[in-house]
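One structure below.
In what follows, every heavy atom counts, from backbone to side chain, and hydrogens, waters and symmetry copies are set aside.
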Amino acid sequence: MGETRLPLLAEAPTTYEPLLSWVEDIAELTRPDHIHWVDGSEAEYRQLTDELVAAGTLTRLNPELFPNSFAAFSDPADVARVEEQTFICSRNERDAGFTNNWMDPDAMKEKLEGLFDGSMRGRTMYVIPFVMGHLDAEDPKFGVEITDSAYVVASMRIMARIGTDVLKKMEETRAFFVPALHSVGAPLEEGQEDVPWPCNPEKWIVHFPEERSIWSYGSGYGGNALLGKKCYALRIASVMARDEGWLAEHMLILKLTSPENKVYNIAAAFPSACGKTNLALLDPTIEGWKVETLGDDITWMRFGKDGELRAVNPEAGLFGVAPGTGWGTNPNAMRAIAKGNSIFTNVALTDDGGVWWEGMTEEVPAHLTDWQGNDWTPDADQPAAHPNSRFCTPIDQIDMLAPEYFAPDGVEVNAILFGGRRKTTVPLVTQSHSWAQGIFYGATLSSETTAAAAGAVGVVRRDPMAMLPFIGYDAGDYLAHWVRVSAKANPAKLPKIFLVNWFRRTRDGGFAWPGFGDNSRVLKWAIERIEGTADAAETPIGFVPTPSSLDLTGLDMTEAEVDEAVRFDRDEWLNELPGLTEWFERFGGSLPKSITAELDSLKTRLA
């Protein structure tokens, strides 16, 4: 250790110079009272959570109901991702594209350095070494998050592999790491009383793609503060993937085993509120088929030695939206949560020391303490849990976790699903004519806005590959990367691509398809299409099931009702074309010609 090091670094458990230099620079800028190097141990977690309980940040739950679990309650102004304050500061504005906010990186750095100056006074700086994916992967992706929030440390321990083993491997391999800096932006003057949830009204979530770094200021919540999640695993990783020839995607992965014991792996991209976690934890309603989970949110994919597409889930936990997750809708998620070892944020508390949220149980408790600490009864005019409240739970508590989750090089992908939320136009399931048309499905993926988002309801919002808020560079270049990278594949091993829509409505306004566990019938049809054994009707948009080709055993639906769900309607698609044309115009010159060609050929087929 050099003599010039800060006294705070005297106890550093590493001699890895790039890391020590960065930590020293940040300590000099933010001026914390202490530096703690996170080792990831059980004892450390116990100490941190005890301190958080004493500070009023965490409430310890009844150990008989939720062992080793805690509830946190954020500042009401710090409850969700702040997309309007999320920036991609590439050197060149054009590289950020129309889907991202941009500022000149030098100007942004100057602004942030002003905000971070002294921002950790009176606090402890935590240094969290972490790895996304498997420590024994061929190319492990390392990061180090510096934060002044013990809540972040406790949550990161659930969401990623952290601590001493990671630090050791980084040193041994002299590994590159993504420096991820976070502060709640609430320095404490001497003698100043802390608050249970420190944060700052000013919030900035900033990515510098060329230098692979992340700066997050002012928020202690979720994806704004757990920087391994959306910031690294999607925004920065998508740029790394572009430069290194792989794909970082907002997708679940599930393993499907047929009655003949044949295994298929399916990756699926859905925008939020379109049933991603429910599909990842699916209970099939058809005899003999089995689903196991590999991941519920983020998937990294690269081509293997034989040209096959392989996928891994780089995360170690679930950071799920609580409302709507319940014993009726997602018992597999609930069983994992019930094992404990979880941190809940902005849910309601029950009188017996448990937690509750809307949709968790059919019966609503007669009395709760809501997420803002108020008495709550069922006749209250606001929900007990915040609509974006969360559970943070270790993934290995899922009973149906596939053993391949632990395989360093992941699994081969056999099918990719793109799914949105549309009342009309998009059938229940459509198989693309080709890989190129499949990319077109992803590029035009759409949902109708719900009451959960600000603005008008029912407006069609395009969300390419469900990555709209998470692409770390120009969206047209991102689609071109999909086209370019798949050229490296063995064409015979490319996954088949399907467009799905669980949310189509009938003429009288009801759902055309029961969804949930019955979506296994759609997965079965997709597998049978891959195997060449299921019938389909060819349409201008691709192949849709004939009503008799879906397995309806035990399902109380007539073929006419199924036809309503799978129907292709030419007039609806003719009405869709102007919106598609207008969407592609927003990309400017960066949209790949192969995607424009797909739109032209769709217009020809519809005519």
message = Contact between Ile26 and Leu181 at the side-chain level, heavy atoms closer than 4.5 Å - yes or no?
response = yes

ask   = Near Lys496 NZ, under 6.0 Å, is it more than 12 heavy atoms from other residues, nucleotides or ligands?
value = no

query = In terms of side-chain geometry, is the basic nitrogen of Asp95 or Arg242 positioned less than 4.0 Å from the acidic oxygen of its partner?
reply = no

inquiry  = As a quick check of understanding, evaluate ring-ring contact (aromatic ring centres under 6.0 Å, His included) for Trp583 and Phe98, giving each step before the final call.
reply    = CA-CA 11 Å; Trp583 167 239; Phe98 75 94; 5.7 Å; yes

note = Only one of Val144, Leu167, Val38 passes side-chain contact (heavy atoms from CB on, under 4.5 Å) with Val127, and that residue is Val144

note = Minimal heavy-atom distance between Ser149 and His182, with the atoms involved, is CB-CE1, 4.2 Å

message = Between Arg5 and Glu17, does the salt bridge (Lys or Arg N to Asp or Glu O under 4.0 Å) criterion hold? Intermediate values first, please.
response = CA-CA 11 Å; Arg5 287 270 180 243; Glu17 190 52 43; 2.5 Å; yes

ask   = Which atoms form the tightest heavy-atom contact between Ile439 and Ser486, and what is the distance?
value = CD1-OG, 4.3 Å

query = Could Arg94 and Asp477 be called an ion pair, given the rule that one side-chain N must be under 4.0 Å from one carboxylate O?
reply = yes

message = Angle between ring planes, Trp22 versus Phe177, binned at 30° and 60°: parallel, tilted or perpendicular?
response = tilted

remark   = What one should report as the nearest heavy-atom pair of Ala248 and Ala241 is N-CB, 3.9 Å

key: Separation of Tyr221 OH from Cys199 SG (nearest 0.5 Å)   = 12.5 Å

query = Going through the checks in order, is the side-chain hydrogen bond (donor to acceptor under 3.5 Å, both in side chains) test met by Trp371 and Gln382?
reply = CA-CA 11 Å; Trp371 72 279; Gln382 71 269 345; over 6 Å; no

request  = Look only at the side chain of Trp573 and the backbone of Thr425, and say whether a donor-acceptor pair between them is shorter than 3.5 Å.
outcome  = yes

message = Are the side chains of Val321 and Asn388 in contact, using a 4.5 Å heavy-atom criterion?
response = yes

key: Chi angles and distances behind the side-chain hydrogen bond (donor to acceptor under 3.5 Å, both in side chains) call for Thr99, Tyr478   = CA-CA 11 Å; Thr99 61; Tyr478 164 76; over 6 Å; no

query = Could you give the distance from CZ (Phe440) to CG (Leu599), rounded to the nearest 0.5 Å?
reply = 5.0 Å

remark   = Rounding to 0.5 Å, atoms CG (Leu468) and NE2 (His250) come to a distance of 11.0 Å

task = Would you mind checking if Arg235 and Glu83 are paired as a salt bridge, meaning a charged N to carboxylate O distance below 4.0 Å?
result = no

key: Backbone N/O of Leu318 and side chain of Asp297: donor-acceptor pair under 3.5 Å   = no

request  = Quick one: do Arg422 and Glu576 satisfy salt bridge (Lys or Arg N to Asp or Glu O under 4.0 Å)? Show the steps, please.
outcome  = CA-CA 12 Å; Arg422 296 292 300 271; Glu576 185 84 351; 2.9 Å; yes

ask   = So among Trp215, Phe87, Phe116, which one has a ring-ring contact (aromatic ring centres under 6.0 Å, His included) with Trp204?
value = Phe87

request  = Report the distance from atom OG of Ser238 to atom NE2 of His481, rounding to the nearest 0.5 Å.
outcome  = 9.0 Å

request  = Check whether NZ of the Lys or CZ of the Arg Lys230 lies under 6.0 Å from the centre of the six-membered ring of Phe470 and within 45 degrees of that ring's axis.
outcome  = yes

request  = Give a yes-or-no answer on whether the side chains of Thr124 and His34 include a donor-acceptor pair shorter than 3.5 Å.
outcome  = no

inquiry  = To check you understand the geometry: which heavy-atom pair defines the closest contact between Glu210 and Cys89, and what is its length?
reply    = OE1-O, 4.1 Å

query = Taking C-beta and beyond as the side chain, do Ile253 and Val312 meet within less than 4.5 Å on heavy atoms?
reply = no

request  = Could you please spell out the steps behind the side-chain hydrogen bond (donor to acceptor under 3.5 Å, both in side chains) verdict for Asn224 and Ser216?
outcome  = CA-CA 7 Å; Asn224 303 327; Ser216 168; over 6 Å; no

ask   = Checking Asn313 side chain against Leu294 main chain: does a donor-acceptor pair fall under 3.5 Å?
value = yes

inquiry  = Any donor-acceptor pair under 3.5 Å linking the side-chain atoms of Asp78 with those of Ser219?
reply    = yes

message = Any heavy-atom pair between the side chains of Ser90 and Tyr473 that's under 4.5 Å?
response = no

ask   = Is there a side-chain contact between Pro105 and Arg91 (heavy atoms, below 4.5 Å)?
value = yes

Donor-acceptor pair, side chain of Arg157 and main chain of Gly40, under 3.5 angstrom = yes

request  = Kindly indicate whether the side chain of Leu445, heavy atoms from C-beta on, has any atom under 4.5 Å from the side chain of Leu499.
outcome  = yes

query = Got a second to check how far Ile416's CD1 is from Ile266's CD1, nearest 0.5 Å?
reply = 11.0 Å

ask   = Has the side chain of Arg421 got a donor or acceptor atom that lies under 3.5 Å from a matching backbone atom of Ser447?
value = no

ask   = Within the side chain of Gln372, is there an N or O that forms a donor-acceptor pair under 3.5 Å with the backbone of His386?
value = no

query = Nearest 0.5 Å, what's the CG-OH distance between Leu112 and Tyr217?
reply = 10.0 Å

query = Heavy atoms, side chains only, cut-off 4.5 Å: are Val485 and Trp246 in contact?
reply = no

Test: Lys109 cationic atom under 6.0 Å from Phe208 six-membered ring centre, within 45° of axis = yes

query = Can you tell me if Lys169 uses its side chain to pair, donor with acceptor, with the backbone of Leu135 under 3.5 Å?
reply = yes

inquiry  = Take a 6.0 Å sphere around CD of Glu582 and say whether it holds more than 12 heavy atoms from other residues, nucleotides or ligands.
reply    = no

inquiry  = In the structure I gave you, are the side-chain heavy atoms of Asp409 and Glu138 within less than 4.5 Å of one another anywhere?
reply    = no

request  = Could you pull out the closest heavy-atom pair between Gln85 and Asn101, with the gap in Å?
outcome  = N-ND2, 4.4 Å

query = Going through the distances and angles, do Glu315 and Met159 end up as a side chain to side chain contact (heavy atoms under 4.5 Å, CB included)?
reply = CA-CA 6 Å; Glu315 298 193 289; Met159 291 308 300; 3.5 Å; yes

